[in-house]
Number of protein chains: 2
Amino acid sequence: MQHVAMDAATSRLDIPPAYEVVVDRLRRTILLSIYRPGDKFPPERVHAEQLGVSRVTLREAIRVLEGEGLVETRRGATGGVTVLDRRVSVDALRRRLRDSLGELEGVSDFRLANERCAAERAATRITREQLEGLEASINAMRDCESVAEFRAADSSFHIGVAQAADCALLRRAVEDARIELFTYLDALDYELALPTTISAHRRILAALRTGDPKRAGRAMGRHLTTTWAEALAVIEEPAG
Amino acid sequence: MQHVAMDAATSRLDIPPAYEVVVDRLRRTILLSIYRPGDKFPPERVHAEQLGVSRVTLREAIRVLEGEGLVETRRGATGGVTVLDRRVSVDALRRRLRDSLGELEGVSDFRLANERCAAERAATRITREQLEGLEASINAMRDCESVAEFRAADSSFHIGVAQAADCALLRRAVEDARIELFTYLDALDYELALPTTISAHRRILAALRTGDPKRAGRAMGRHLTTTWAEALAVIEEPAG
DNA sequence: ATGGAATGGGCTAGACTTCGATCCATGCAA
DNA sequence: TTGCATGGATCGAAGTCTAGCCCATTCCAT
């Protein structure tokens, strides 16, 4: 039994305590811009109920997110848990990104493969309602000013396409790639290529409307290739 | 905040108890043919240590796998936990597969996208050692007689390629797709297209050796497309 | 036969986690 | 000032996981 993957059968397991599961989930929603800076979590009591854990456990999780600088809590009638703007030393971040460039490139390849596949499948499966959703997120992007707003609209579009592809594995893959790629990249607060992105999204939407998988896949492929080239430029641009 | 994915922020969490985590891991290794029918798990005490859980927890997990008919335990000096051959009513299974054909097709698309990407990346990254591993699994496939042996060699090859692609997300995706696709399909015990598969793997290996990503990707793409067509034929063939 | 060795099976005490419930502290708005 | 919705803190009960010990089964060498 000299398998490539043999270690997968015997290596130590990660058994996460409940609060860690909560942390992962909440962090994920923040990093995907489902919750955006300024947004507030539901009141503790409600939130705990929704997630199916006790207040104590939820609070433990929020402590962790606080420690990571992702959220802030305030007491009082108008208090609550607020998602923070993520700021990091830009130079340190750029260095860090450069160090892990090889890894990021893998994620980018992974993203391209899966989102192209998602677009192809979505072309023949997307509903009228879902098309409207994509259109809405394009419109939302038109007026946005911060990276956070941009990323929220962007996530809504790309995850919307993945959703329309009607395959759970694909959707999950698209989400995972987004988290890996943009969590650190976005903190760079680079100049947004808004018009480019919007017209790319418009082209993808148009292709989806024609119902032609190849065309939709090509449109998505071109968009992501361009995006990655831009990201590379931002990472490698001399510190300023 | 009318996001596509908003529910992801508020839906109930699944907090798995430790034994469930163990079950998932062990089931995964069985369904990927990392452990094959006839193989035995390490002795309880050792196994628990390796996985980082107590014997009690490991035993709970094994009870579940036993209930699923995946393993069998025997006491005594030569006893232990043995992986079973998975047998199901073939007709019931075929019906089940037909019902979920749409879903399976999605998995197949997902698989194609990710394994093609993996092959492309592997072409420029694979080490001499990894090439030898692939060759070994091709040789292992040559002499095999049961579906289980075949699938083990097949897994070894495909996961080996994914491993050589050097991207954790990709490897995970390839594994996930294999589990979804083959867990039920293999129970059909269909006539193996051994020669076809072996020569396809040889072509892929040759392409990887040239270091040409496009060629490797194409070779993998053709292989998977053929495989899926064959699987479809098996699923749709009239009950016998 | 018999005893040794290796296996899984069972049990228990204790540590740790999680929960629900209750009460406290804060800060805004009427 | 008062009302009240918010987060904060604490406690006991219940559940989960562990480590350690001994038992039962099986095979095998003696």
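The sequence lines fix the lettering, A, B, ..., with proteins before strands; numbering per chain opens at 1. Please read these numbers as outputs of a predicted model, since none were measured by experiment.
- Look at CZ on Arg74(B): it is 13 Å from C1' on dA6(C), rounded to the nearest Å.
- Between the CZ atom of Phe41(B) and the C1' atom of dT7(C) there is a distance of 16 Å, rounded to whole Å.
- Under a 4.0 Å N-O distance rule, the pair Arg125(A)/Glu105(B) qualifies as a salt bridge.
- Take Arg59(B) and apply the side chain to side chain contact (heavy atoms under 4.5 Å, CB included) test, not counting sequence neighbours, and it matches Glu44(B), Arg55(B), Arg63(B).
- For the side chain to side chain contact (heavy atoms under 4.5 Å, CB included) test, residues two or more places apart in sequence or in another chain that qualify with Thr57(A) are Ala18(A), Tyr19(A), Val22(A), Val53(A), Ser54(A).
- The CG atom of Leu58(B) sits 15 Å away from the C1' atom of dG10(C) (whole-angstrom rounding).
- Summarising the local packing, CD of Glu132(A) is surrounded by more than 12 heavy atoms from other residues, nucleotides or ligands at distances under 6.0 Å.
- Under the salt bridge (charged side-chain N to carboxylate O under 4.0 Å, His left out) criterion, the residue pairs touching residues 133-142 of chain A are Glu135(A)-Arg209(A), with sequence neighbours excluded.
- At a threshold of 4.0 Å, the pair Arg95(B)-Asp99(B) does not count as salt-bridged, since none of the basic side-chain nitrogens sits closer than that to a carboxylate oxygen.
- For the pair Ile15(A) CD1 and dT18(C) C1', the computed distance is 16 Å after rounding to whole Å.
- Between Arg171(B) and Glu175(B), at least one side-chain nitrogen of the basic residue sits less than 4.0 Å from a carboxylate oxygen of the acidic one, meeting the salt-bridge criterion.
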### Task
Assign a letter to each nucleotide of nucleotides 20-30 of chain C from its 5' end: B, base within under 4.0 Å of a protein heavy atom; S, sugar-phosphate only; -, no contact.
B-B--BBBS--

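- When rounded to the nearest whole Å, the span between CD1 of Ile62(B) and P of dG10(C) equals 13 Å.
- Shown here are the ring pair (Phe, Tyr, Trp, His ring centres under 6.0 Å) partners of Phe110(B), two or more places apart in sequence or in another chain: there are none.
- In this structure, the CD atom of Glu66(B) is 12 Å from the C1' atom of dG9(C), given to the nearest Å.
- For Glu60(B) and dG9(C), the CD to P distance is 13 Å, given to the nearest whole Å.
- Along DNA chain D, read 5' to 3', the first and last nucleotides having any atom under 4.0 Å from a heavy atom of chain B are dC17(D) to dC27(D).
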